[in-house]
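Every value quoted in this text rests on a predicted model; they were computed, and no experiment measured them. When a ligand or atom number is given, it counts from 1 through the structure's own listing order.
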Amino acid sequence: MNTNNKMLKSVCEKIYQNVSETDGKVHKANFIKNLKKRGILQDDPRITEFLNKVNQYHGYLDKDTFIDCISENISIIEECFTQNSVIPKFEEFCNDLMQIYEKCKKETSGKMADYIPQLAKQNPDHFGVSVCTVDGQRLNIGNSNIDFCVQSCCKPINYCLALDEHDKEYVHKHVGREPSGSEFNALKLNTKGLPHNPLINSGAIMTCSLIQREKAASDRFDYVTEMWEKMAGNLKLGYSNSVYLSERMSADRNFALAYFMNENNAFPKNTNLLDVLEFYFQCCSLKINTNAMSVVAATLANGGVCPLTGKQVISSETVKHCLSMMYSCGMYDYSGEFAFKIGLPAKSGVAGGIFVVIPNVMGICTFSPRLDDYGNSVRGVKLFTEITKKFNFHNFDNLKNTDHGKIDPRVIKSLDEFTAEQIIKYSSLGDVSALKRIRITNGDLSHGDYDNRTPLHLACSNGHLNVVKYLIEQGNLKDVNPVDRWGGTPYDDAIRENHVEVSKYLTTKNGISGSEMEK
Ligand code: GLU
């Protein structure tokens, strides 16, 4: 650890005081259990360095060892222990969800999809639920590690990819954005001869024709899986070749839709229909579990920034459009009812998966294969019904003068609540994902403290190139050379602390020394 960093030292000390036992040591397993209770799971990339170090030890850790282990991942660990996350009482929230899960598990009505044998072979009793908040607090219940085919859950993701690659005018020259009022695979187009929206089969086939058109089919498929994995915080996806083969064998309707759209000149010029259809079947055959899917949903809830990696995977503008579509068209012919009763953007697929996005709060994914008459998972719909009965998550639960008696488990930090001090702390600790969350809510990343030391000064002084780049390139900083009380610029900090990469980078962005400025 860089012992010069006083801030880091004092934060580590505080956590040590919090978790050490009477003999002054920290019990490793208890500490990891504590992280889990607060929603930080062992596959969370934000604690990889901590786990790599701590796994070299057994049993108890002395103070210095403990501090050394946590120092690299300190901001996420601190966030857990200061209950600074979006769901501060995460354990309580989890207990409520587990009760809801048990209640829904008793529900055994519904029928599995059987239009292809592979789906009929699923275990009807499987039931998994996973949650991931925008702060990356996670919970897995039941069969959360069983892979299922995404099927129609690929549709909003493909829509996002198409929108991020082109502008929305171009995309919507080829697909509408109205609920169709008919079945998801109805042989029907809108008055312009276009599919009604991107979340029914015709529209999803259309968005497939808009993604990475110039690439070979193999590269295009790689691209889509990579994007899924980025949204899932690098948790892995699977693929079912047998589902793909049988989708292709039983695809008369999808072929009919493609030809019908082609007859109406709905596709971009030079579209290879067979290529597009195969790509669509492949996307439906991707496999995921609720654990990873909840992270994908949380990335949408977080404006396109994956909570586990802090990376902006898709633009927030795209997410906004996608959630609007999911809100009105995501649940087959139950979409209107779902919007009315549950009030959240959602998408379901015939394999039994449903994911729901609670903007700025969390993503939730359920998997249970028995479906209702609309094609939605019975337990899944029940679970979301129960969740929104208990918590005020419905889009319109928070109207003024509402007295619904529901619980609000979240603390949404408004822009003013992120004090300059916190922003400076995150910059000093090197936590880009925390800064990104602040920008999403339009916090000001350029404010200095009492000594006019700004986030950029602290990031440079501590050598956090990633933060420096983020602040300058995406933080809308107007000035790369703010001067502190002593006349020093961030560039001076980088030079003084010998952070060569940082000072080199600053030079490319017109960073100069305070002494140069006076000339
Ligand atoms: N592969 C299915 C189809 O194209 C998708 C079904 C679904 O999940 O809605 O018919």
Side-chain angles (χ1 to χ4, degrees), residues 110-122 147-159 175 179-189 195-209 211 221 224 228 237-261 273-288 290 293 296-297 325-326 328-335 338 346-356 365-378 380-381:
K111 232 177 108 245
M112 308 227 293
D114 56 4
Y115 72 98
I116 52 173
Q118 278 67 24
L119 291 183
K121 273 194 237 158
Q122 297 191 101
D147 280 354
F148 58 92
C149 278
V150 296
Q151 291 290 352
S152 274
C153 294
C154 73
K155 292 171 180 170
I157 307 300
N158 282 349
Y159 176 52
V175 54
S180 69
S182 308
E183 283 210 302
F184 70 102
N185 60 358
L187 204 49
K188 191 178 145 191
L189 298 175
H196 285 83
N197 68 67
L199 303 191
I200 51 174
N201 280 17
S202 51
I205 294 168
M206 182 56 72
T207 51
C208 278
S209 81
I211 297 171
F221 183 70
V224 170
W228 269 90
L237 245 74
Y239 179 70
S240 170
N241 197 43
S242 55
V243 168
Y244 161 71
L245 293 170
S246 33
E247 286 285 344
R248 207 172 61 152
M249 285 297 290
S250 53
D252 290 344
R253 176 60 64 95
N254 287 326
F255 272 89
L257 285 169
Y259 279 100
F260 188 25
M261 290 190 281
L273 289 195
L274 191 59
D275 235 31
V276 167
L277 282 162
E278 291 199 330
F279 178 42
Y280 169 68
F281 305 142
Q282 286 158 2
C283 291
C284 290
S285 309
L286 286 167
K287 290 181 95 177
I288 198 163
T290 60
M293 191 69 209
V296 174
M325 296 299 358
M326 286 169 63
S328 56
C329 313
M331 297 293 288
Y332 303 116
D333 285 352
Y334 191 69
S335 299
F338 198 86
K347 185 72 198 91
S348 81
V350 281
I354 302 182
F355 73 96
V356 160
C365 177
T366 70
F367 163 60
S368 176
R370 278 187 284 249
L371 310 178
D372 61 20
D373 293 344
Y374 299 103
N376 296 314
S377 161
V378 177
V381 171

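D275 pairs by the salt bridge (Lys or Arg N to Asp or Glu O under 4.0 Å) definition with R220, not counting sequence neighbours.
Of all the heavy atoms of C284, the ones lying under 4.0 Å from any atom of ligand 1 belong exclusively to the side chain. Counting heavy atoms closer than 4.0 Å to ligand 1, residue E247 contributes side-chain atoms (C-beta onward) but none from N, CA, C or O. Within the 4.0 Å heavy-atom criterion, the part of Y115 lying near ligand 1 is the side chain and not the backbone.
Taken to the nearest 0.5 Å, the OH atom of Y334 stands 11.5 Å off from the OG atom of S348.
For ligand 1 and Y332, the ligand atoms under 4.0 Å from any heavy atom of the residue are 7 (C), 8 (O), 9 (O). Proximity to F184 (heavy-atom distance under 4.0 Å) selects the following atoms of ligand 1: 9 (O), 10 (O). Near N254, with a cut-off below 4.0 Å to any heavy atom, the atoms of ligand 1 are 3 (C), 4 (O), 10 (O). Using a 4.0 Å cut-off to heavy atoms of G349, the atoms of ligand 1 that qualify are 8 (O).
Side-chain atoms of N185 never come within 3.5 Å of backbone atoms of N201 as a donor-acceptor pair (strictly under, hydrogens ignored).
Residue F281 places every heavy atom at 4.0 Å or more from ligand 1.
Atom 6 (C) of ligand 1 has its closest protein heavy atom at V350 CG2, 3.5 Å. Among all non-hydrogen protein atoms, the one lying nearest atom 7 (C) of ligand 1 is S152 OG, 2.7 Å. Regarding atom 5 (C) of ligand 1, its nearest protein heavy-atom neighbour is Q151 OE1, 3.3 Å.
In this structure, the side chains of S152 and Y332 come closer than 4.5 Å at one or more pairs of heavy atoms. Counting heavy atoms from C-beta outward, L245 and Q118 have side chains that stay 4.5 Å or more apart.
Considering Y239, F279, W228, F281 in turn, Y239 is the only one that fulfils the ring pair (Phe, Tyr, Trp, His ring centres under 6.0 Å) rule with F221.
Counting non-hydrogen atoms of neighbouring residues, nucleotides and ligands closer than 6.0 angstrom, the OH atom of Y259 reaches no more than 12 such neighbours.
For atom 10 (O) of ligand 1, the choice among V243, N201, N185 with the nearest heavy atom turns out to be N201.
Side-chain polar atoms of N158 and Y280 form no donor-acceptor pair below 3.5 angstrom.
At least one N or O atom of Y280, backbone or side chain, sits closer than 3.5 Å to an N or O atom of ligand 1.
Of all non-hydrogen atoms in K347 and C153, the two that sit nearest each other are O-SG, 3.8 Å.
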